Protein chains: 2
Amino acid sequence: MREPREEIVAAASHLFARHGVSATRMSDIAEGAGLQQSSIYYYFANKEQILREIVTTVNRVPLAYLARVNAEGGPAALRLYRLIRFDTRTLCDFPYDINEIHRISAQDPDTFAEYWTERQALNDGVEQLVAEGVAADEFREVDPRLTALTLLANNEGVQNWYRPVGDRRLRGRQGTDGPYAPDEIARTMANFALSSLLRERRRLASIERRAVEADTIDATAD
Amino acid sequence: MREPREEIVAAASHLFARHGVSATRMSDIAEGAGLQQSSIYYYFANKEQILREIVTTVNRVPLAYLARVNAEGGPAALRLYRLIRFDTRTLCDFPYDINEIHRISAQDPDTFAEYWTERQALNDGVEQLVAEGVAADEFREVDPRLTALTLLANNEGVQNWYRPVGDRRLRGRQGTDGPYAPDEIARTMANFALSSLLRERRRLASIERRAVEADTIDATAD
DNA sequence: TGGTATTTCGATAGCAAGTCGAAATTCCGC
DNA sequence: GCGGAATTTCGACTTGCTATCGAAATACCA
C-alpha cells in the first residue's frame with residue numbers, strides 16, 4: 001500500500017483525466033483513495049492543491065525535450081520541427097484537458113506559479129528558436145514573440161477536437177470519427193508550421209527525414 | 001424596462017464574459033437582472049440553458065461571413081485568407097472563453113445541439129475551401145479534413161493567451177504585455193496558414209492586398 | 001508499556017443550485 | 001373599474017458539495 005498522499009494524487013489524476021477537474025468531487029477522490037471525504041483535507045487544503053501537484057511538472061517534459069534537442073544541435077528549423085512534433089504528440093496523449101487546466105490555473109496564479117513559470121520558459125524557448133531561425137535566414141521575417149505564442153497555442157488547440165470528452169471524442173466530421181494517430185497529427189502540425197516559416201520550403205523534406213531519424217534513434221537508445 | 005428574460009440574458013452575458021461561466025452564481029445573475037435568485041428558474045431551468053441562449057448563434061457570424069465570401073467569389077486561397085482573418089479577429093474580441101464554452105457544451109451535447117451543428121457546418125465550410133484549393137492546385141496536397149480541424153483550432157487557440165482572464169490578460173512574454181491588436185494577430189494567423197498552404201507563396205502578397213481591399217470596402221459599404 | 005505525535009473520522013457549518021407552494025401582480029372580459 | 005384567471009415573483013426549504021473541527025483511532029518511540 002502506497003502513502004495515502006500518493007493514493008489521493010493517483011485517484012485524482014484518474015478522475016480529472018476521465019471527467020475533468022470541476023466534475024470531480026472530493027468524495028470521489030476520497031473513495032478512489034480509500035479514505036473518507038474529510039481525510040483528504042489532512043493532505044490537501046482543496047482541489048486546486050491536488051491539481052497543482054499533478055500539473056506543476058507538465059511543462060518539464062517538453063522543456064526537457066527542448067533542452068535535449070538544443071544540445072543535439074542542428075539548424076533551428078530542424079529543432080523547431082522536432083519540438084512541435086513532440087509537443088503535439090504529447091498533448092494528444094495528454095490525459096487532462098489542458099484548456100481546463102489553463103483556465104483554473106489562470107484564476108489562481110499563486111497556487112500555480114510554478115506551472116506558469118515553466119510554461120513561460122517553454123514559450124521563451126520557442127521564441128528563441130524562431131528568432132534564431134530568422135537570424136540565420138532559415139525563416140522568413142516573422143515576429144518571434146507572436147509566432148511563439150501562436151505555435152504553442154496551435155498545439156494546445158489540437159486537444160479541442162482530438163481529446164476524448166467523457167468517453168467519446170469530438171467529431172472531426174459528422175460520423176466519420178478521425179482515424180488520425182497522434183504522430184500523424186503531430187507531423188502535420190510541425191509540417192504546417194515549418195512549411196509556413198521556412199524561406200526555402202524544399203528543405204522541409206530533408207528536415208522531416210532528419211527529425212524522424214533523430215527521434216527514432218533516441219527512442220531505441222533510451 | 002426590458003423583458004425579464006432579456007435582462008437575465010444580458011446580465012448573464014456580462015458576468016460570463018467577465019468572470020467565466022462556472023464562477024458566475026445564479027444569484028449574481030439574478031441581482032444583475034433585478035430579480036431574486038429563485039425567480040431566474042421561472043425563465044431558465046439552469047445556467048446551461050442561459051448559456052445556450054447566448055451561444056447558439058455565435059457560429060452564425062463566421063458562417064454568414066463565409067457565405068458572403070463564397071458568394072463574392074475569388075480563388076480559394078483568398079477566401080480562406082479572409083475567413084481566417086475574420087474568424088481570428090472575431091475570436092480576439094469575443095468576450096467569452098470559447099474553450100470553456102466548448103468544454104461545457106461538450107459535456108451536455110443535447111442542450112447545445114444547435115451550437116454543435118453550426119460549429120460543424122463551419123468546419124465543413126473550411127474543409128470545403130481547403131479541398132477546393134487543393135483541387136485547383138492553389139494549395140499543396142494536404143488532408144482537407146485534418147487541415148480544417150487544425151485551422152479552426154488554431155484560431156480558437158489564440159484566446160488562450162490573448163483573452164483577458166478576470167481583468168488581466170495572460171502575458172505574451174514576462175512583463176511586456178502583448179501590444180498586439182486583434183487585426184494584427186488575425187492577419188498573422190491568416191498569413192501563417194496561407195503561407196503554409198499555398199504552392200506559390202509569392203501569391204500571398206496579392207491575396208493580402210485583395211483581402212484588405214475587399215473587407216475595407218465592405219466595412220464602408222455597410 | 002505508556003505517552004506523544006500522526007492520521008482518520010463523523011458531525012456539522014456554510015454556500016450555491018434547484019424546487020415548491022403561496023403571495024403578488026398583470027391581464028382581460030364584462 | 002371589477003372580479004376571476006393566468007402569469008410572475010418570491011421566500012422557505014431541500015439537496016449536494018466544500019471545508020472545518022474536535023475527538024477517536026492508530027502509529028511511533030523511549
Side-chain angles (χ1 to χ4, degrees), chain A residues 1-55 96-97 100-101 103-112 166, chain B residues 1-55 96-97 100-101 103-112 166:
Chain A
M1 188 69 153
R2 279 174 297 183
E3 294 283 292
R5 197 186 167 84
E6 291 172 46
E7 294 281 358
I8 291 168
V9 171
S13 298
H14 180 244
L15 291 163
F16 289 171
R18 191 171 180 80
H19 307 293
V21 177
S22 57
T24 299
R25 290 181 291 263
M26 292 301 261
S27 58
D28 295 332
I29 300 172
E31 191 183 347
L35 290 170
Q36 290 302 312
Q37 177 261 20
S38 65
S39 301
I40 301 284
Y41 293 89
Y42 181 74
Y43 297 96
F44 297 94
N46 50 45
K47 222 198 292 186
E48 282 69 39
Q49 296 295 327
I50 306 178
L51 182 62
R52 174 180 183 276
E53 182 116 340
I54 295 172
V55 304
Y96 316 108
D97 181 339
E100 187 182 20
I101 291 173
R103 227 172 29 76
I104 294 171
S105 61
Q107 302 255 348
D108 189 355
D110 293 337
T111 298
F112 295 92
Chain B
M1 186 71 155
R2 281 174 295 182
E3 294 283 292
R5 196 187 169 84
E6 291 170 45
E7 294 281 359
I8 292 168
V9 171
S13 297
H14 180 243
L15 292 163
F16 288 171
R18 193 173 177 79
H19 307 293
V21 178
S22 57
T24 300
R25 290 182 292 264
M26 292 300 263
S27 57
D28 295 332
I29 299 172
E31 191 184 347
L35 290 171
Q36 291 301 314
Q37 179 257 17
S38 65
S39 301
I40 301 284
Y41 293 92
Y42 180 72
Y43 297 95
F44 297 95
N46 50 45
K47 224 196 292 186
E48 282 69 39
Q49 296 295 328
I50 306 178
L51 182 62
R52 173 181 184 277
E53 182 117 340
I54 296 171
V55 304
Y96 315 108
D97 182 338
E100 186 182 20
I101 291 173
R103 225 171 32 74
I104 294 171
S105 62
Q107 302 253 348
D108 189 355
D110 292 336
T111 298
F112 294 92

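Treat the numbers as computed from the prediction; the structure is a model and nothing was measured. We name chains A, B, ... by the order of the sequence lines, and we start the count at 1 in each one.
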Closest non-hydrogen atom pair between [X] and [Y], with its separation:
X       : Y       : result
B:Ala30 : B:Ile40 : CA-CD1, 3.6 Å
B:Met26 : B:Asn46 : CE-C, 4.0 Å
A:Phe16 : A:Val21 : CD2-CA, 3.8 Å

Give the rounded distance in Å between these two atoms: [atom1] of [X] and [atom2] of [N].
X       : N      : atom1 : atom2 : result
B:Gln36 : C:dA16 : CD    : C1'   : 15 Å
B:Ile29 : C:dA17 : CD1   : C1'   : 11 Å
B:Leu35 : C:dG18 : CG    : C1'   : 16 Å
A:Glu31 : C:dC9  : CD    : P     : 13 Å
B:Tyr41 : C:dG21 : OH    : P     : 17 Å
B:Phe44 : C:dA17 : CZ    : C1'   : 16 Å
A:Met26 : C:dA16 : CE    : P     : 18 Å
A:Tyr43 : C:dT6  : OH    : P     : 12 Å

Review point. Taking N and O atoms by type only, does the side chain of B:Gln37 place a donor or acceptor under 3.5 Å from a partner on the base of C:dG18?
Key: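 In this structure, the two groups form a donor-acceptor pair.
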Check your understanding: DNA chain C: A:Pro4 or B:Ser38, which has the more 5' nearest nucleotide?
Key ->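 It is A:Pro4 whose nearest nucleotide is closer to the 5' end.
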Review point. Counting any heavy atom closer than 4.0 Å, what does B:Ile40 reach on the DNA or RNA strands: base, sugar-phosphate only, or nothing?
Key: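 No contact.
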Point to revise | chain A footprint on DNA chain D, 5' to 3' - any atom under 4.0 Å from a heavy atom | key: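 Here the contact window of chain A covers D:dC17 to D:dT20.
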Practice item. Start with the C-alpha gap between B:Glu48 and B:Gln107, add the side-chain angles, then the distance that decides, and say whether side-chain contact (heavy atoms from CB on, under 4.5 Å) holds. Key: CA-CA 10 Å; B:Glu48 282 69 39; B:Gln107 302 253 348; over 6 Å; no
Practice item. Step by step, work out the side-chain contact (heavy atoms from CB on, under 4.5 Å) result for B:Arg5 and B:Phe44. Key: CA-CA 9 Å; B:Arg5 196 187 169 84; B:Phe44 297 95; 3.5 Å; yes
Short question: side chain of [X], backbone of [Y] - any donor-acceptor pair under 3.5 Å?
X        : Y       : answer
A:Glu100 : A:Ser22 : yes
A:Gln37  : A:Arg25 : no
A:Lys47  : A:Thr24 : yes

Review point. When the C1' atoms of the five terminal pairs at each end define the local axes, what inter-axis angle does the helix from C:dT1-D:dA30 to C:dC30-D:dG1 show, to 10 degrees?
Key: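 Both end axes considered, the difference amounts to 0°.
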Exercise for review: Walk me through it: do A:Tyr42 and A:Leu35 pass the test side-chain contact (heavy atoms from CB on, under 4.5 Å)?
Suggested key: CA-CA 11 Å; A:Tyr42 181 74; A:Leu35 290 170; over 6 Å; no
